[in-house]
Amino acid sequence: MSIQDILTKPTFTKSDLVTLLSAEGEERKALFAKAAEVKEQFVGNKVYYRGLIEFSNLCGKNCYYCGIRAGNKDTHRYEVTEEEVLEAARYAWENRFGSLVIQAGERSGANFVNRIEDLVRKIKQMSNGELGITLSLGEQTEETYRRWFEAGAHRYLLRIEVSNPALYHQYHPKDRTHDYQERLNALYLLRKVGYQVGSGVMIGLPFQTMEDLADDLLFFREHDIDMVGMGPYIEHEHTPMYAHKDRLMSKSERFYLSLKMVAALRIMMKDINIAATTAMQALDPMGREKSIRVGANIIMPNLTPSRYREDYLLYEDKPCTDEDAEECKRCLEARIHMAGGKIGYGEWGDSKHFYKRNKDEKS
Ligand code: 5AD
Ligand code: SF4
Ligand code: FES
């Protein structure tokens with residue numbers, strides 16, 4: 001079947017997706033054009049901000065691909081102070097960013113859970129409830145998810161990383177803290193507690209096939225995910241996965257494959273939120289703008305205090321490590337305008353999909 005025929009189908013099969021993800025030249029252009037059209041029609045050209053605070057690079061886990069894994073002894077570990085978090089939040093609020101994301105390595109101790117709960121409450125208080133809060137803090141118990149939700153967080157990002165369980169176990173240590181079923185269960189718990197649920201994957205990992213990536217897209221649909229953040233896998237020297245660097249696609253191939261993933265997902269799940277991720281920018285100087293053009297509608301300006309940025313190095317060549325909040329804000333404004341987008345200042349820009357599901361469930 002031709003790309004044009006596939007693009008007119010109401011739902012894509014796995015084999016359709018493999019064809020779309022393999023598209024090059026004119027066919028790839030047709031995919032991107034269709035995605036831009038769907039985006040315009042269903043979510044419009046607004047791009048919503050999620051000011052990103054990389055709260056801490058302490059992590060109890062040991063994912064084989066990640067630069068801040070516990071086993072990497074070359075990383076200088078930090079935790080942002082409460083004052084600094086509140087200052088960053090105030091900056092976001094005063095500059096009319098609709099929302100914040102608090103992201104960190106995964107920890108579960110009582111101190112950590114309490115601190116986050118407290119910070120969420122304080123940010124809500126400081127902003128008169130105006131800043132929306134997304135958390136990205138890994139797998140936690142239902143009780144913890146509930147406490148943070150009750151404190152005022154209303155969205156949660158937990159990437160499945162790879163939806164194929166065999167690959168998941170290949171990329172993680174074989175122990176109870178790195179269990180595919182547990183991670184999947186965490187997504188159910190988040191939904192149950194009431195969050196808008198985000199997930200995502202890495203694209204272009206060693207041993208990953210087009211079929212795996214097609215399954216990743218089907219995973220988002222099957223689990224009715226509200227928001228997706230996905231981007232290319234980028235190697236990091238001080239990780240076990242670096243040993244397979246010779247098997248990787250070129251950076252440009254990984255980048256275009258990621259763009260095709262974004263475009264295909266926008267056509268499949270028309271009203272969800274999709275992030276233009278920082279990893280896209282790491283592989284292409286116009287990475288985030290290109291993502292916006294083919295379907296993304298969320299961007300995460302970095303608000304992490306400058307002195308910590310170098311230490312939150314998940315992968316090589318991460319952008320914005322030498323900049324501060326003001327520079328990223330100015331830079332992004334220009335970039336979003338170039339991509340034909342309009343910034344949704346002062347708006348939460350929640351997932352339309354989430355509200356639609358809730359309405360459907362009630363009626
Ligand atoms: N390349 C790209 N993304 C990575 N992440 C971790 N390590 C890498 C890497 N080497 C992503 C994971 C995680 C998020 C915080 O960063 O998907 O969920
Ligand atoms: Fe920790 Fe997340 Fe990195 Fe895994 S990907 S080591 S959980 S920060
Ligand atoms: Fe940080 Fe461009 S967004 S420097």
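In listed order, ligands and their atoms are each counted from 1.
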Atom 6 (S) of ligand 2: any protein heavy atom closer than 4.0 Å: yes
The answer for which part of Cys66 has a heavy atom under 4.0 Å from ligand 1 is both
Does ligand 3 have an atom under 4.0 Å from some heavy atom of Leu332? yes
Looking only at protein heavy atoms, which one is nearest to atom 2 (Fe) of ligand 3, and how far off is it? Cys331 SG, 2.2 Å
Find all atoms of ligand 3 within a distance of less than 4.0 Å from any non-hydrogen atom belonging to Cys328, and give their numbers and elements. 1 (Fe), 3 (S), 4 (S)
By residue and atom, what protein N/O/S atoms are less than 2.8 Å from atom 3 (Fe) of ligand 2? Cys66 SG
Under a 4.0 Å heavy-atom limit, does Met241 contact ligand 1 with its side chain, its backbone, both, or neither? neither
Does Glu82 pair with Lys122 as a salt bridge, N-O distance under 4.0 Å? yes
Any N or O of Gln103 closer than 3.5 Å to N or O of ligand 1: no
Atoms of ligand 1 close to Tyr233 [distance to a heavy atom under 4.0 angstrom, numbered from 1]: 1 (N), 2 (C), 9 (C), 10 (N)
For the residue pair Asn57 and Asp311, confirm or rule out a side-chain donor-acceptor distance under 3.5 Å. no
I want to know if ligand 1 touches Tyr315 in the polar sense, i.e. an N/O pair below 3.5 angstrom. no
Taken to the nearest 0.5 Å, the spacing of His223 NE2 from Leu184 CG works out to 5.0 Å
Do any heavy atoms of Gly231 fall under 4.0 Å from ligand 1? no
Would a line drawn from the ring center of Tyr233 to the ring center of Tyr65 be shorter than 6.0 Å? no
Who's the nearest protein heavy-atom neighbour of atom 14 (C) of ligand 1, and how far? Arg159 NH1, 4.2 Å
Under 3.5 Å, side chain of Glu253 to main-chain N/O of Ser250, donor-acceptor pair present? yes
Tell me, which protein residue and heavy-atom name are nearest atom 7 (N) of ligand 1, and how many Å apart are they? Tyr65 CD1, 3.4 Å
Between Tyr242 and His238, is the gap from one ring center to the other below 6.0 Å? no
Evaluate the criterion salt bridge (charged side-chain N to carboxylate O under 4.0 Å, His left out) for residue pair Lys356 and Asp271; output intermediate values, then yes/no. CA-CA 9 Å; Lys356 183 164 181 299; Asp271 57 356; 5.4 Å; no
Atoms of ligand 3 close to Glu323 [distance to a heavy atom under 4.0 angstrom, numbered from 1]: 4 (S)
Heavy atoms only: which of Thr277, Ile234, Leu283, Thr278 lies closest to atom 1 (N) of ligand 1? Ile234
Does the distance from a Lys or Arg side-chain N to an Asp or Glu carboxylate O, for Asp5 and Lys9, drop under 4.0 Å? no
Among all protein heavy atoms, pick the one closest to atom 16 (O) of ligand 1 and tell me residue, atom and distance. Leu314 CD1, 3.5 Å
Give me the atom names and distance for the closest heavy-atom approach of Phe32 to Ala263. CD2-CB, 3.8 Å
Heavy atom under 4.0 Å from ligand 3: found in Arg288's side chain, backbone, both, or neither? side chain
One finds that the ligand 3 atoms under 4.0 Å from a non-hydrogen atom of Cys320 are 1 (Fe), 3 (S), 4 (S)
Taking atom 17 (O) of ligand 1 as the reference point, the nearest protein heavy atom with its distance: Glu161 OE1, 2.5 Å
Would His236 count as a contact residue for ligand 1, given that I'm defining contact as a non-hydrogen atom of the residue lying under 4.0 Å from a ligand atom? no
Does Arg191 come within less than 4.0 Å of Asp226, counting only side-chain N to carboxylate O? yes
Without swapping roles, check the side chain of Tyr168 against the backbone of Arg183 for a donor-acceptor pair under 3.5 Å. no
Do Arg155 and Asp350 meet the salt-bridge criterion of a basic N to acidic O distance under 4.0 Å? yes
Test item, Glu327 contacting ligand 3 (heavy atom, 4.0 angstrom): no
The answer for which part of Pro232 has a heavy atom under 4.0 Å from ligand 1 is backbone
Looking at Tyr64 versus Tyr171, is the centre-to-centre ring distance below 6.0 Å? no
Could you tell me whether the side chains of Glu326 and Tyr91 share a donor-acceptor contact shorter than 3.5 Å? yes
Strictly by modelled atom types, are Ser22 and Thr19 linked by a side-chain donor-acceptor pair under 3.5 Å? no
Is the shortest distance from a Lys or Arg side-chain nitrogen in Lys318 or Glu54 to a carboxylate oxygen in the other one below 4.0 Å? yes
Pull out every atom of ligand 1 sitting under 4.0 Å from any heavy atom of Met202, numbered as shown with elements. 2 (C), 3 (N), 4 (C), 5 (N), 8 (C), 17 (O)
Sidechain-backbone polar pair: Lys290 side chain, Leu259 backbone, donor-acceptor under 3.5 Å: no
